[in-house]
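For reference, the structure is listed below as structure tokens.
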Amino acid sequence: MYKDRVDFVVVYIDEIHALDGWSFEQNKFKIKTHRAIEDRLSAAEILQSLDDFSLPLAVDTMKNEANLNYGGLPERMCVVLDGEVKYIGGIGPYDFNIEEMITYLEKIVKSPQ
């Protein structure tokens, strides 16, 4: 719907339900807290290998810069335009407002470039 005007990317940050942290017995994946960038990259590869995952994937640094700058934990939707945050949605998964995000994207798509 927006592919010709908008780039979507997922940024993999900290593992929210790490096996050695706040985990659940029924977790599908058994991922430990990332101690090194290699751990985070390995976890991101698992996400990227899922059949229904098709978006470009970036991985946060071990200093958690994306998470700290965008408040991404556990998940968040943002619009960054020309290097500036134009929209930041509620903290997911419960405070997402998909309709608000769609309205904002439509506004950008309809505006002159």
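Keep in mind the model is a prediction, meaning the values are calculated, not measured. Heavy atoms only: backbone and side chains are in, while hydrogens, waters and symmetry mates are out. In this chain, numbering begins with 1 at the start of the sequence shown.
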Shortest non-hydrogen pair, A58 vs V9, comes out as N-CG2, 4.1 Å

* Asked: Just by distance, with hydrogens left out, do E100 and Y87 show a side-chain donor and acceptor under 3.5 Å apart?
  -> yes

Taken to the nearest 0.5 Å, the spacing of M62 CE from E38 CD works out to 9.0 Å

Short side-chain to backbone donor-acceptor contact, R76 and G71, under 3.5 Å: yes

Taken to the nearest 0.5 Å, the spacing of N67 CG from E75 CD works out to 12.0 Å

d(L81 CG, I108 CD1) to nearest 0.5 Å is 5.5 Å

Answer yes if I102 and L55 sit in the same cluster of Ile, Leu, Val, Met, Phe, Trp and Tyr residues linked by side chain heavy atoms under 4.5 Å apart, and no otherwise. yes

Rounded to the nearest 0.5 angstrom, the CE-CD1 distance for M77 and I98 is 3.5 Å

Distance col, row D20:CG vs E15:CD, nearest 0.5 angstrom, shows 10.0 Å

Note to self: I'd like to know if the side chain of D60 reaches the main chain of E65, judged simply by a donor and an acceptor atom lying under 3.5 Å from each other, with no hydrogens or angles considered.
What the structure shows: yes

Do I13 and Y70 touch side chain to side chain, with heavy atoms closer than 4.5 Å?
no

- request: Would you indicate whether K30, at its atom NZ, is surrounded by more than 12 heavy atoms from other residues, nucleotides or ligands within a distance under 6.0 Å?
  value: yes

**Prompt:** Going hydrophobic residue to hydrophobic residue with side-chain gaps under 4.5 angstrom, can you get from I46 over to V10?
**Reply:** yes

_Hydrophobic cluster membership, F53 vs F8, 4.5 Å side-chain cutoff_ = yes

Tightest non-hydrogen contact, residues A66 and V11, listed as CB-CG1, 3.8 Å

CG (N64) and CZ (R40) are apart, to the nearest 0.5 Å, by 4.5 Å

Linking I/L/V/M/F/W/Y whenever their side-chain heavy atoms sit closer than 4.5 Å, directly or via other members, would F96 and Y104 fall into one cluster? yes

